[in-house]
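Data block below; observations after.
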Amino acid sequence: MGFGRVAARRFFDRPVLDVARDLLGRLLVHEVDGAVVAVRLTEVEAYAGGHDPASHAFRGPTARNAVMFGPGGHAYVYFTYGMHYCVNMVCGPPGAASAVLLRAGEVVAGADVALARRGRGPERDLARGPARLTKALGIDRDCNGADVTAAASPLRLHVGTPVADDVVRRGPRVGVNAAHDLPWRMWVDGDPTVSVYRRHVKRTR
DNA sequence: CGGCTGATTGCCT
DNA sequence: GGCAATCAGCCGA
């Protein structure tokens, strides 16, 4: 309501790199307890399931990554670093276990709610980074497995406005150790809500 | 901006 | 037991 139609199932039933590129400019909407926040996606990363050493699905199905092995168009939410949630869109045919990490976006509705959840500004940073994005949208474990193609789902992907080819930039994935040479991060060139690149850092103790 | 560190918990080897 | 698809705070250039 107010955000146009939701994406079709077949949108996600394609190669993960195609889906990743086409997710830019789309709207992720989360509606809970009457509060609505919408984010226009400006940065994503592709993870190619069983063939990708950086993917959570690389070593086969587990309790955590089970959703990745299911049909496309569902949200895969995981908890990391003891405090953060990140959200992916599962894509490809069932079993492919490929997914697109939603890294950043522009809050286009519900900025007041997003700001209250995040507890700090500025507005351009509300969803600038994968954990900030889930925080702003109020996404947590309850959203794992949500069907984002269902108009009645609290978490949905709306068609929005796709971006032109000449503004799509690509580079290595952020904070990833394995396969750091693959340019599978994609973002909208020049958009201030795109996160800053960080190399993977090995931690001591 | 680049670089480093602490925080904090679930998951997998 | 090791470490993670991160973030915030701080420092230096």
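Order of the sequence lines sets the chain letters (A, B, ...), proteins ahead of strands, with each chain counted from 1. Given the structure is predicted, the values throughout are model-derived calculations rather than measurements.
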### Message
What's the separation between atom NE2 in A:His74 and atom OG in A:Ser153, rounded to the nearest 0.5 Å?
### Response
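Between atom NE2 of A:His74 and atom OG of A:Ser153 there are 9.5 Å.
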
How close do [X] and [Y] get, heavy atom to heavy atom, and via which atoms?
X        : Y        : answer
A:Asn65  : A:Tyr76  : CA-CE1, 4.0 Å
A:Ala104 : A:Arg128 : CB-CA, 4.1 Å
A:Ala54  : A:Val176 : CB-CG1, 3.6 Å
A:Asp165 : A:Arg21  : OD1-NH2, 2.7 Å
A:Ala46  : A:Ala20  : CB-CB, 4.1 Å

When all nucleic acid strands are considered with a 4.0 Å heavy-atom cut-off, which category describes [X]: base, sugar-phosphate, or nothing?
X        : answer
A:Arg185 : nothing
A:Asn177 : nothing
A:Val196 : sugar-phosphate

Pull out every residue in [range] that has a heavy atom closer than 4.0 Å to any atom of DNA chain B, ordered by number, or say none.
range                       : answer
residues 48-86 of chain A   : A:Arg59, A:Thr62, A:Arg64, A:Phe79, A:Tyr81, A:Gly82, A:Met83
residues 90-108 of chain A  : none
residues 113-131 of chain A : none

If I take atom [atom1] in residue [X] and atom [atom2] in nucleotide [N], what distance separates them, rounded to the nearest angstrom?
X        : N     : atom1 : atom2 : value
A:Glu43  : C:dT6 : CD    : P     : 10 Å
A:His180 : C:dA4 : NE2   : P     : 14 Å
A:Arg141 : B:dT9 : CZ    : P     : 13 Å
A:Lys202 : B:dG3 : NZ    : P     : 16 Å
A:His200 : B:dG2 : NE2   : C1'   : 17 Å
A:Met89  : C:dA5 : CE    : C1'   : 14 Å

### Task
Determine whether more than 12 heavy atoms belonging to other residues, nucleotides or ligands lie under 6.0 Å from atom CG of A:Asp181.
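Yes, because the 6.0 Å sphere around CG of A:Asp181 holds more than 12 heavy atoms from other groups.
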
### Message
I'd like to know whether CZ of A:Arg170 has more than 12 heavy-atom contacts from other residues, nucleotides or ligands below 6.0 angstrom.
### Response
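Atom CZ in A:Arg170 is crowded, with more than 12 foreign heavy atoms closer than 6.0 Å.
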
#### Entry: A:Arg156 side chain vs A:Ala150 backbone, donor-acceptor pair below 3.5 Å
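No; judged by distance alone, with no hydrogens or angles, the pair does not exist.
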
### Message
Side-chain heavy atoms nearer than 4.5 Å, only ILVMFWY residues, links allowed to pass through others: does that put A:Val77 and A:Val39 together?
### Response
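A:Val77 clusters together with A:Val39.
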
### Message
Is there a path of hydrophobic side-chain contacts, each under 4.5 Å between heavy atoms, that joins A:Ile139 and A:Val44?
### Response
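They do share one cluster, since a chain of ILVMFWY contacts under 4.5 Å joins A:Ile139 to A:Val44.
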
### Query
If a stem is a run of at least 3 consecutive Watson-Crick or G-U pairs, both distances under 3.5 Å, which stems include DNA chain C?
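Stem segments, range with range: B:1-7 with C:6-12, B:9-12 with C:1-4.
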
### Task
Determine, for A:Tyr197 and A:Arg199, whether the Lys NZ or Arg CZ falls below 6.0 Å from the six-membered ring centre while staying within 45 degrees of the axis.
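Negative - A:Arg199 is either too far from the ring of A:Tyr197 or too far off its axis.
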
### For A:Val148, all residues meeting side-chain contact (heavy atoms from CB on, under 4.5 Å), sequence neighbours excluded
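Checked A:Val148 against side-chain contact (heavy atoms from CB on, under 4.5 Å); matches are A:Phe12, A:Ala75, A:Met89, A:Leu155, A:Leu157.
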
### Task
Sort and list the pairs that fulfil side chain to side chain donor-acceptor pair (under 3.5 Å) and have at least one residue in residues 77-90 of chain A, not counting sequence neighbours.
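Not a single pair qualifies under side chain to side chain donor-acceptor pair (under 3.5 Å).
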
